[in-house]
Amino acid sequence: MALAKMPNSIDPMKMGSSIGSTSVMGVRRQKFKLEPLKVLEPSNKKLNLPESQRIMFIIERLIKKIEIVDYISLIVNNEEKIRDLIRLSFSEEERNSSMEEKLVSMFQNHKRLIDTYNKGEFKTEDSVSSQKKDSLEHLIKSSCKDIIRVMNNKPSFFENIKIEFGKINNPQLVEFKNLMNELKELMNERLLTTPNEQKEKLDYLKELLLREKANNELINKLKDELDVAMADKEKEIQHRNDQIRRLDNDLKNVEKFSTDLIKRTKMDAEQQEASEMKASEGRKSKLQNQLNSSKQELQNLIREHREQEQILRKEKWKHETNVESLLSRYDDDMTKKQNELDEIEALYEEEKKQLQELEEKFKPLEEEYTKILEERRMQERIRRMEEESLNKKIKAAVIIQSYWRGFKLRKGLFKKKGKAKKGKKAKK
């Protein structure tokens, strides 16, 4: 029922999540340029709407019920252990209220129903048999609901049962539980995703599909080109192998005819070596004489350079002493300057404190001064408004008086014209 009503519960989230979506979308698009896979992740990390929280609560409750159903067969078949666990999990007051017997009778009743259902032979053609089967299924469902209700109301009891019996791996229930966990993750992601993010995700996936299609076309095209290139390569390799065979044959022929050439060249090389040995001995004696003269010149240059080195060492020592004296003088000057600077900073800090004290003293006066100026501005504004109002009233009075004078003048003229007409009629 909760899953069937799921779309109606998502509508409020769509309405609420649209607030401020424009700025979020802009920021997300800038991020996706650098990290494209983050477009598949929702920006919200927590469910804020109560409808979304209720949906997740229902799914979690269903997963818990599946886990309880997985242990029901062990619970109803181990009465002694269940009694011990009831004594361990329930308080003394609950045990005194015959809670233990009620629970044990509930488990025994469920076991009897299961055994009856398993032993019964139900025929689909027989209406009585089908009604009996339906009634047994209804009773088993009601019993399961009662057991699940007890476990939900007493979670410590169920935790002790899990510790006692360990983990149960019923393949069907494990698969169903895994499916529900996947549904939970998908539903959580869907509820965290706003409509704008969903639209953006769909656009992104469409773009990926288009890219994949284009890439597949490009791959197919490159595969065709690769096949053509491989065929050309095989032809070229075959051609090169033929060339290698021909060259190998030529090389063998060359080796056969090269032995005589090697012998002749060896004799020529020995004759040339003997002549070069004679010439090299003369050059060696000449180079030995040049080496002796060069060594003599080197000794002379070493003596000259040692004398120059002594002179330069003395100059270096003088410069080092001068530099040390300058550094010591510089250190003395800097210590004096640092002392003067410390004195100036102390004076500055003292004057700064005095300035702060004066500012604190004058701050109320400044506030009072601003208040007085504000009051004067208000009085001036009121005076100007009163003057403007008075001028408007005077102008209005002048206009009214001028209209009133004109009206009286016209009225007097009208009366005079009336009297003149009456006098003319009387004379006639």
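Remember, predicted model here, so these are calculated numbers, not experimental data.
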Side-chain heavy-atom pair [X], [Y] within 4.5 angstrom cut-off:
| X | Y | answer |
| --- | --- | --- |
| E350 | Q354 | yes |
| E137 | D134 | yes |
| I302 | L298 | yes |

Report, one line per pair, each donor and acceptor closer than 3.5 Å where one atom sits in a side chain of residues 140-150; sequence neighbours left out.
residue, atom, partner, partner atom, Å
S142, OG, H138, O, 3.0
S143, OG, H110, ND1, 2.8
D146, OD1, R149, NH1, 2.8

As an exercise, state the distance from [atom1] of [X] to [atom2] of [Y], rounded to the nearest 0.5 Å.
| X | Y | atom1 | atom2 | value |
| --- | --- | --- | --- | --- |
| M385 | M378 | CE | CE | 9.0 Å |
| D332 | K337 | CG | NZ | 13.0 Å |
| L355 | E360 | CG | CD | 10.0 Å |
| I372 | E374 | CD1 | CD | 12.0 Å |
| Q243 | E236 | CD | CD | 9.5 Å |
| K353 | Q356 | NZ | CD | 9.0 Å |

Acceptor/donor pairs from residues 400-412 side chains to any protein atom, 3.5 angstrom cut, sequence neighbours excluded:
residue, atom, partner, partner atom, Å
S402, OG, V398, O, 3.3
S402, OG, I399, O, 2.7

Lys/Arg N to Asp/Glu carboxylate O, [X] vs [Y], below 4.0 Å:
| X | Y | value |
| --- | --- | --- |
| E309 | R313 | yes |
| D242 | R245 | yes |
| E387 | R383 | yes |

Just wondering, more than 12 heavy atoms not from [X] lying within 6.0 Å of its [atom1]?
| X | atom1 | value |
| --- | --- | --- |
| R377 | CZ | yes |
| E380 | CD | yes |
| H305 | NE2 | yes |

Open item on the list: Quick one, Q338 with D342, criterion side-chain hydrogen bond (donor to acceptor under 3.5 Å, both in side chains). Give me CA distance, side-chain angles, the key distance, then yes/no.
Closed with: CA-CA 6 Å; Q338 184 64 38; D342 293 339; 3.2 Å; yes

- [ ] Evaluate the side chain to side chain contact (heavy atoms under 4.5 Å, CB included) criterion for residues L179 and L183: first the C-alpha distance (whole Å), next the side-chain angles of each, then the deciding distance (0.1 Å), finally the verdict.
- [x] CA-CA 6 Å; L179 290 173; L183 176 63; over 6 Å; no

Task: Worked verdict on E207 versus L210 for side chain to side chain contact (heavy atoms under 4.5 Å, CB included) - done: CA-CA 5 Å; E207 184 180 354; L210 292 173; 5.6 Å; no

- [ ] Test L373 against T370 for side chain to side chain contact (heavy atoms under 4.5 Å, CB included), laying out the working first.
- [x] CA-CA 5 Å; L373 287 178; T370 54; 5.5 Å; no

Task: Polar side chain donor-acceptor pair, N292 to Q296, under 3.5 angstrom - done: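 No pair is found: no donor N or O on one side chain lies under 3.5 Å from an acceptor on the other.
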
Tell me which donor-acceptor pairs under 3.5 Å the side chains of residues 318-327 have, and how far apart each pair is, sequence neighbours excluded?
residue, atom, partner, partner atom, Å
T321, OG1, W317, O, 3.2
T321, OG1, K318, O, 2.5
N322, ND2, K318, O, 3.2
S325, OG, T321, O, 3.4
S325, OG, N322, O, 2.6

- [ ] Carefully, step by step, assess L312 and E315 under the rule side chain to side chain contact (heavy atoms under 4.5 Å, CB included).
- [x] CA-CA 5 Å; L312 292 172; E315 291 180 355; 3.8 Å; yes

